[in-house]
Structure formats: C-alpha cells, structure tokens
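What follows is one structure encoded as structure tokens, with my remarks underneath.
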Amino acid sequence: MGEIEVPPFFLCPISLEMMKDPVTIPTGITYDRESIEKWLFTNKNKNCPVTKQVLSNPDLTPNHTLRRVIQSWCTLNASNGIERVPTPKPPVTKSQIIKLLKDAKSPQMQINCLKRLRSIASTSETNKRCIESSGGVEFLASLVKNNTTSTTSVEPCDHDGFEFTKPSDEALSILFSLQLSESALKSLNAKNGEFIDSLLNVLQVGCCESRAYAVLLLNSILEVEEPAQLVALKPEFFVGLVQILHDQISPKASKAALQLLINVGPWGRNKLKAAEAGAVKVLVDLLLDSCEKRACEMILTALDQLCQCADGRAELLKHGAGLAVVSKKILRVSKVGSERAVRILLSISKYSASPSVVQEMLQLGVVSKLCLVLQGDSGSKAKEKAREILKLHARAWKNCSCIPMSLLSSYPS
C-alpha cells in the first residue's frame, strides 16, 4: 500500500502537519490551533505567519466546516490506517472563569477551584489567555500576597508530580504556568512592589517547588520592568537569589537566579548589594563544581559584573579558590567563557593588584594561562585583555622562571 497523500488544505501552514483543530485568525488564514497558539503565545510572535500582518487582537475562531471535512476524509480513509480526528473540546469561556474565580473566594472551595483552574490552563494557550483576561492574574496574585508567611508542605499527585496544601503555593504555580503577557507581568508589580516583596518572602520560607516558581516568575517580571524598579531592588532580593543558588533546588531555578543577577547587576548599587549578600563566594563554589558550558558562562558573566566593584573583587580574592578557578576555566569552556574570565582577571590586575596578589597570580599559573590565550584561538577580545594584563605587570612577571620557556615568546613587549 502506498503512502496516503493528505490534501494540502488539511495541512497547517506552519508545521505542514494535518490539522486537528482548525482555527481562523483575523487575517483569514486557517491554522491548527496548537501550532498557531505556539507561534503567537509561546514564541510571542505578533504577526500572521503567512501574510506577515500584525495581529493587534489574535482571536482564534474555530473553523467547524474544515474540521468536519477533515473528519470525513479520515473516515473515508480508515481502511488505510487513518484515524479519525476527534472533535476538540471547546475553549473555556470568560463567564466560566469568572464564576470559578468567584467560587474560589470561598475558603472551603478554594483549593478545589484552584486545581480546576490549573487543569483548564494546561489544556491550551487560548485557555491561558482567557484566564488572564478574566481577572485570574489579579486573583492569583492576591492569594500569593496574602498567604506567604508560613511554611508549606507538598504531597505527590498525578498531574505535575506535586499537590500543594496551601492556596498561595497553588496560585503561584498557576501564575507561572500561564506564561503571562508583558502587560500582565507589568501589572503584577504595579502597586509599590508589593508582589515582588511577596515573592521574596517565598524565596525565604517557601517549599522547594514554590521557591523555584518564585524565582522563575521574578525573572519574567523584571525582564519587562522599567530601570527605576531595577535600581530600587532591596538587599533582601539578593539574599534570596544567593540562597537559591546555594541550595541548588533545581537547574531551572539556578539558571533563573543567575540570569537575574546578570540582568540587574548594571543598575544602581546592585553589584554592591549582591556582593554584600555573599554572591561571590556562592558563584565561585558553583564554578568549582560546574562543567556545563552555559552554566559556566553565566557564572563567569555574573562574577565579571561583581568584580567591577571593590567589594566584589575583595570577596573573590578572599576565597581560597577564586583566582585559581577563574583561570582554570580559560580555554576550557568557550570563547565567551574565556573572555569573561580574562575580564575578571583584568579587573583584579587593574584595581586590586597588591604585591601579594601579583605573586599569587604567578604561582597559580594565571600568567602562563594568559600567555596561552595569546597563542591560541581564544577570540580577539580575550587576547586584547590578556595582553593588557601581561603588560600591566611585566616588571614582576616577564623574566620569572615560573613561566615555561615555550610561552615566554608570547609575552608582549
């Protein structure tokens, strides 16, 4: 039996797979619901994939006629192994969400309503957007703000692996799962930073799962915040991030915490706040144990920022393995990693190079590693900075017997 050919108008223009739930967008083009939802909501595109027209209101209208044609074609070709496309479950309506949120205000019904809301959100992107537009975000945020003062327990369950016993933790998990739009993320923190304060509290006293959701949600919120908000971050914010990194509750949470440190570092006195919260020690410890490329790059980037302030450099030098592990990662991670590591050493060499530090860099093999950078394929930026470091301390290093003869020829004049 030959391969059955699917009519081209049954195929989704994005994925070229047969449509299961055809929907039409305002430009008149029909797509499979799952594919166009991923394009618009998950990947955050704002235009029609075919016409490139910007969609100010991406309503998805079910194309029942095409669905019935597809189902009829499947039935006619059943003898060839084609399974009939099932009739999709209709998306949730705004009135249904509003009623569910109203019922959830009752303490006796709250947990069950929240479980129902999570189930609805997991069904489709359209349902997530409906929850967002029906007041769901504000309601869930109020639960997080009003119930974050005590510790929480979780129990195994069938859907995500955990079942929360506290409404605020259930609400937090739903908020994260909604993959909120930029406007919804901004609205979360519109009232004097109250919601961020609530998330910081979760970082301190929440269960592992809620702490992970909190740091992931913080990352999303601060990505769309104005600079004034980033400048005004409290010391508690950095204490919470450092604790997340120290506890290593999940790879996603750790990367979100690292990304937050990197994103907020350039603003105001954030580098100093992070250094005072103990970020340098935790980052060096992580670098000692990390072999994963992206994680090493992020740690080195965060350390590079922190070493741009005196307190950060002092903390790196105070750590027994600080200089050694930064030097070790040069030429072992990536060009980006090497460039970040050399930048850290340049900050130390320029602003914190006491005679003992200069001698320590020589004994640890830092100078030899910098000469290797000049010889190898490490990128022009890394080479430029390595050359600058070697010139800064040429008097102490150039004729030292600690440098192998094979590398001395690389030493810049």
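Position 1 is the first residue of the sequence, and the numbers go up from there.
The shortest distance between side-chain heavy atoms of L60 and E125 does not fall below 4.5 Å. Looking only at side-chain heavy atoms (C-beta outward), F10 and L66 come within less than 4.5 Å of each other. Using a 4.5 Å cut-off on side-chain heavy atoms (C-beta onward), Q243 and R211 make contact. With contacts defined as side-chain heavy-atom distances shorter than 4.5 Å, the pair I120/R116 qualifies. Within the 4.5 Å cutoff, no side-chain heavy atoms of V144 are placed close to those of Y213. Taking the side chain as every heavy atom from C-beta outward, L300 and D304 never approach each other to under 4.5 Å. Using a 4.5 Å heavy-atom threshold, the side chains of M298 and Q259 count as touching. Proximity of L140 to L101: side-chain heavy atoms (C-beta onward) are nowhere separated by under 4.5 Å.
When the shell of 6.0 Å around NZ of K255 is examined, it contains more than 12 heavy atoms from other residues, nucleotides or ligands. When the shell of 6.0 Å around CH2 of W73 is examined, it contains more than 12 heavy atoms from other residues, nucleotides or ligands. In this structure, F9 places its CZ atom where more than 12 heavy-atom neighbours from other residues, nucleotides or ligands lie under 6.0 Å away. Atom NZ of K44 is surrounded by more than 12 heavy atoms from other residues, nucleotides or ligands within 6.0 Å. No more than 12 heavy atoms of other residues, nucleotides or ligands sit less than 6.0 Å from atom CD of E34. In the displayed structure, R84 atom CZ is contacted under 6.0 Å by more than 12 heavy atoms of other residues, nucleotides or ligands.
Of the N and O atoms on the side chains of T87 and Q71, at least one donor lies less than 3.5 Å from an acceptor on the other residue. For the residue pair D285/H319, the side-chain donor-acceptor check at 3.5 Å is satisfied.
Of the possible donor and acceptor atoms, one in the side chain of T123 sits under 3.5 Å from a partner among the backbone N and O of S119. Of the possible donor and acceptor atoms, none in the side chain of W397 sits under 3.5 Å from a partner among the backbone N and O of L392. Counting only distance, with no hydrogens or angles, the side chain of R387 and the backbone of C371 share no donor-acceptor pair below 3.5 Å. Distance alone, capped at 3.5 Å, is enough to place a donor-acceptor pair between the H393 side chain and the S349 backbone. Checked by atom type and distance alone, the side chain of N263 never pairs as donor or acceptor with a backbone atom of E223 at under 3.5 Å. At least one donor-acceptor pair under 3.5 Å links the side chain of D32 to the backbone N or O of D21. In this structure, the side chain of Q179 does not engage the main chain of F176 through any donor-acceptor pair within 3.5 Å. Within the 3.5 Å criterion, the main-chain N or O of A324 finds no donor-acceptor partner in the side chain of S327. Not one N or O on the side chain of S134 forms a donor-acceptor pair closer than 3.5 Å with the backbone of I131. In this structure a side-chain-to-backbone donor-acceptor pair under 3.5 Å is present from K369 to I330.
Salt bridge annotation for K335-E339: absent, with no cationic side-chain nitrogen under 4.0 angstrom from a carboxylate oxygen. A salt bridge links K318 with E315; the closest basic N to acidic carboxylate O contact falls under 4.0 Å. A salt bridge is absent between K271 and D311: the closest approach of a Lys/Arg side-chain nitrogen to an acidic carboxylate oxygen does not fall below 4.0 angstrom.
Distance check, rounded to the nearest 0.5 Å: CZ of F238 to CG of L233 gives 5.0 Å. The distance from the OG atom of S380 to the NZ atom of K385 is 8.5 Å, given to the nearest 0.5 Å. For the atom pair L346 CG and I389 CD1, the distance stands at 5.0 Å (nearest 0.5 Å). In this structure, SG on C307 lies 14.0 Å from NZ on K350, to the nearest 0.5 angstrom. Distance check, rounded to the nearest 0.5 Å: NZ of K166 to SG of C207 gives 8.5 Å. Note that CH2 of W267 and CD of Q229 are 12.5 Å apart. Values are rounded to the nearest 0.5 Å.
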Yes or no on side-chain contact (heavy atoms from CB on, under 4.5 Å) for D169 and E209, after CA distance, side-chain angles and deciding distance?
CA-CA 9 Å; D169 293 306; E209 289 71 29; over 6 Å; no
Any chance you could lay out the side-chain contact (heavy atoms from CB on, under 4.5 Å) test for L317 and S352, step after step, and finish with the verdict?
CA-CA 9 Å; L317 293 173; S352 302; 3.9 Å; yes
Between R129 and E132, is a salt bridge (charged side-chain N to carboxylate O under 4.0 Å, His left out) present by the stated rule, with each step listed?
CA-CA 5 Å; R129 301 286 76 77; E132 182 179 308; 3.3 Å; yes
Run the numbers on L283 and L316 for side-chain contact (heavy atoms from CB on, under 4.5 Å), then give the verdict.
CA-CA 10 Å; L283 290 171; L316 183 79; over 6 Å; no
Walk me through it: do K145 and S198 pass the test side-chain contact (heavy atoms from CB on, under 4.5 Å)?
CA-CA 5 Å; K145 286 189 285 189; S198 300; 3.1 Å; yes
Please evaluate residues T126 and S124 with respect to the criterion side-chain hydrogen bond (donor to acceptor under 3.5 Å, both in side chains), reporting the C-alpha separation (whole Å), side-chain torsions for both, the decisive distance (0.1 Å), and the verdict.
CA-CA 5 Å; T126 297; S124 71; 4.6 Å; no
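Contact record, L188 with A141: CD2-CB, 3.6 Å, taken as the closest heavy-atom pair. Taking every heavy atom of both residues into account, L261 and Q305 meet most closely at O-OE1, 3.5 Å. Across all their heavy atoms, L143 and P167 have their closest contact at CD1-O, 4.4 Å. Heavy atoms only, all atoms of each residue included: K128 and A121 are closest at CE-O, 3.2 Å. In terms of heavy-atom proximity, L55 sits nearest to N47 at CD1-C, 4.0 Å. Contact detail for S290 and I299: the closest heavy-atom pair is CB-CD1, 4.4 Å.
Paired with T30 under the rule side chain to side chain donor-acceptor pair (under 3.5 Å), one option of T61, T24, T65 passes, and it is T24. Shown are K20, R33, R67; of these, the side chain to side chain contact (heavy atoms under 4.5 Å, CB included) with P88 is made only by R67.
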